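Accompanying notes for the structure given below.
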Amino acid sequence: MFKFKTPSEKTLEVMSEVAKGNIEKDYEESCINKIKDLTAKEHARITSSGNNSIFIALSAIEGDIIIPDQGGWHGFKQIARFLNKNIVTLKTDLGLINTDYLDELEVNESSALIFTSFAGYAAEQDVKSISRYCMENDILTIEDASAGIGDSENRLGKNSDIILASTGSPKIINVGSGGFVATDDEGIFKKTAMPQKLSKTSQIICSGIDNELSNVENNLEVSLNATNHVKKHIPDAIHQSKRGLNVIIPHDNAKSICWDLKKMLTTDKSGFITTCPNYNRIKQKAICVEIKNLDYSCLKKENLDIIIDTVNNQL
């Protein structure tokens, strides 16, 4: 049995001590300073969830909201609709953003593109090229870096105009709740005072985020390396040469195969085998092996080889 990712023991200990009133440190301030360093942004706010982070960012946009046709997060569209924003759907290459497709769009002034660091968690977006194109065409970039924060190669979670994230489970910053928004444009926060008030969180959650931030770079690297190992040994996985945090294998019999894999690759809580079509992954039949859902203690070669052999035997 595999172990589903949960907050580290140290994180839980710190949160418990804060809940008991034993620690008086201002963890919100400490979190904000660490997030500003990680994202290379001048301003940051802690929020109560990833969706509230998205709500704050989209509330500040006056023009259209450009959303990838797959490989994003369903909350992008739901929140944009709730805010009565005009949504423009961007064609992608199985979730990967191609600036040639952006060229085909007609959007209003003060519009924004919102996307995730990894397309469907399976493949790293070329954020530098996306950001460069959008800057030249007066489009704001909003990067959901829930899975990309702490990138040691500095390609993810730094180059977009607004960086936001969830710190819920089983994210790279794994507290079970919370999120953040970071940007160089202080006007984003001046425009969204009310959503920020509605999204305040506690010192308990801030203390958990603060502790998780200390290990985020290593945790992301371990997860990327584990996924790369699995991806290399499963034929026909999409975006095979790209860094990612899960492995997606298109298959006409995906539903049946996933059903069998879930019975063979079990966890102590939620599973790590999911089925497509799914907007958050790809919109065709496929099997998803969500390496990001597994506890770091499970990401050893012997465990990963069990996953590889089990999946390959079912394909």
Side-chain angles (χ1 to χ4, degrees), residues 28 31-32 35-36 38-39 41-90 97 107-118 120-121 125 127 131 134 139-149 156-157 160-206 208-209 279-280:
E28 183 172 9
C31 270
I32 286 173
I35 288 166
K36 288 193 293 187
L38 269 176
T39 60
K41 300 300 179 192
E42 292 184 9
H43 310 283
R45 299 287 188 278
I46 308 300
T47 67
S48 58
S49 71
N51 277 335
N52 276 324
S53 299
I54 296 166
F55 191 98
I56 289 167
L58 296 189
S59 294
I61 306 305
E62 297 174 3
D64 303 325
I65 306 297
I66 306 167
I67 297 176
D69 65 354
Q70 58 189 311
W73 170 244
H74 61 78
F76 296 166
K77 187 173 290 186
Q78 292 172 340
I79 293 167
R81 281 177 175 162
F82 181 83
L83 291 169
N84 201 30
K85 304 292 185 180
N86 184 53
I87 296 170
V88 177
T89 301
L90 173 66
I97 293 170
V107 295
N108 294 315
E109 292 182 1
S110 304
S111 295
L113 167 65
I114 185 167
F115 62 98
T116 51
S117 299
F118 295 95
Y121 282 100
Q125 299 280 10
V127 179
S131 296
C134 288
I139 298 171
L140 198 77
T141 47
I142 305 172
E143 181 182 349
D144 181 342
S146 300
I149 195 71
L156 305 174
S160 302
D161 296 306
I162 300 175
I163 308 293
L164 58 84
S166 164
T167 58
S169 182
K171 301 299 189 297
I172 294 297
I173 304 172
N174 187 15
V175 180
S177 181
F180 69 78
V181 183
T183 181
D184 285 328
D185 184 1
E186 191 176 14
I188 297 294
F189 294 125
K190 289 180 178 178
K191 292 178 184 177
T192 59
M194 182 57 71
Q196 289 175 67
K197 286 181 181 178
L198 297 174
S199 185
K200 290 289 288 182
T201 191
S202 67
Q203 282 286 329
I204 299 170
I205 297 301
C206 288
I209 296 172
Y279 171 78
N280 298 339

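Residues: numbered from 1 along the sequence shown. The structure displayed is predicted, hence computed values, not measured ones.
Smallest separation of non-hydrogen atoms from Ser169 and Asn174: CA-OD1, 3.1 Å. Residues Ala44 and Phe189 approach most closely at N-CE1, 4.0 Å, considering heavy atoms. When all heavy atoms of Ala147 and Phe118 are compared, the closest pair comes out as O-CE1, 3.2 Å. Between Tyr279 and Ile67, the shortest heavy-atom contact is OH-CG2, 3.2 Å. Nearest heavy atom pair, residue Ser59 against residue Pro195, reads OG-CG, 4.1 Å. A pairwise comparison of heavy atoms in Ile142 and Ala112 identifies CD1-CB, 4.0 Å as the closest pair.
Here the side chains of Ile173 and Ile209 are in contact, with some heavy-atom distance below 4.5 Å. Counting heavy atoms from C-beta outward, Val127 and Glu143 have side chains that approach closer than 4.5 Å. Taking 4.5 Å as the limit, every side-chain heavy atom of Trp73 sits out of range of all side-chain heavy atoms of Ser166. Counting only heavy atoms from C-beta outward, the side chains of Val107 and Ile66 approach each other to under 4.5 Å. Thr39 has its side chain within reach of Phe180: a pair of non-hydrogen atoms, C-beta onward, lies under 4.5 Å apart. No side-chain heavy atom of Leu90 sits less than 4.5 Å from a side-chain heavy atom of Asp69. Ile54 is listed as a side-chain neighbour of Phe76, based on a closest heavy-atom distance under 4.5 Å. Residues Ile97 and Leu113 are in side-chain contact: their nearest non-hydrogen atoms beyond the backbone lie under 4.5 Å apart.
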### Task
I would like to know whether Phe115 and Ser160 meet side chain to side chain contact (heavy atoms under 4.5 Å, CB included); could you show each step before the answer?
CA-CA 10 Å; Phe115 62 98; Ser160 302; 3.6 Å; yes

### Task
Begin from the C-alpha positions of Val88 and Ile65 and carry the test side chain to side chain contact (heavy atoms under 4.5 Å, CB included) through to its verdict.
CA-CA 6 Å; Val88 177; Ile65 306 297; over 6 Å; no

#### Entry: Residue pair Arg45, Glu28: steps toward the salt bridge (Lys or Arg N to Asp or Glu O under 4.0 Å) verdict
CA-CA 9 Å; Arg45 299 287 188 278; Glu28 183 172 9; over 6 Å; no

### Task
Walk me through it: do Glu62 and Glu109 pass the test side chain to side chain contact (heavy atoms under 4.5 Å, CB included)?
CA-CA 8 Å; Glu62 297 174 3; Glu109 292 182 1; over 6 Å; no

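The closest donor-acceptor contact from the side chain of Asp161 to the backbone of Thr141 lies under 3.5 Å. Formation of a donor-acceptor pair under 3.5 Å by the Thr183 side chain with backbone atoms of Asp185 is found in this model. Of the possible polar contacts, one joining the Lys85 side chain to the Ile61 backbone as a donor-acceptor pair under 3.5 Å is found. Judged by distance alone, with hydrogens and angles left aside, the side-chain atoms of Asp184 form a donor-acceptor pair with the main-chain N or O of Glu42 at under 3.5 Å.
In this structure, the separation between CD1 on Ile79 and CD1 on Ile114 is 7.5 Å, given to the nearest 0.5 Å. To the nearest 0.5 Å, the span separating CD1 on Ile139 from OG on Ser111 amounts to 7.0 Å. In this structure, the separation between CD on Gln70 and CG on Asn280 is 11.0 Å, given to the nearest 0.5 Å. Distance check: Ile87 CD1 to Leu58 CG gives 9.0 Å after rounding to the nearest 0.5 Å. To the nearest 0.5 Å, atom CG of residue Leu156 and atom CD1 of residue Ile163 are 9.0 Å apart. Taken to the nearest 0.5 Å, the OG1 atom of Thr167 stands 11.0 Å off from the CD1 atom of Ile149.
At a threshold of 4.0 Å, the pair Glu186-Lys41 does not count as salt-bridged, since none of the basic side-chain nitrogens sits closer than that to a carboxylate oxygen.
In the model, Gln125 has no side-chain atom that pairs as donor or acceptor with a side-chain atom of Thr116 under 3.5 Å. Donor-acceptor pairing under 3.5 Å is recorded for the side chains of Ser199 and Ser48.
The side-chain hydrogen bond (donor to acceptor under 3.5 Å, both in side chains) search around Asp144 returns Ser146, not counting sequence neighbours.
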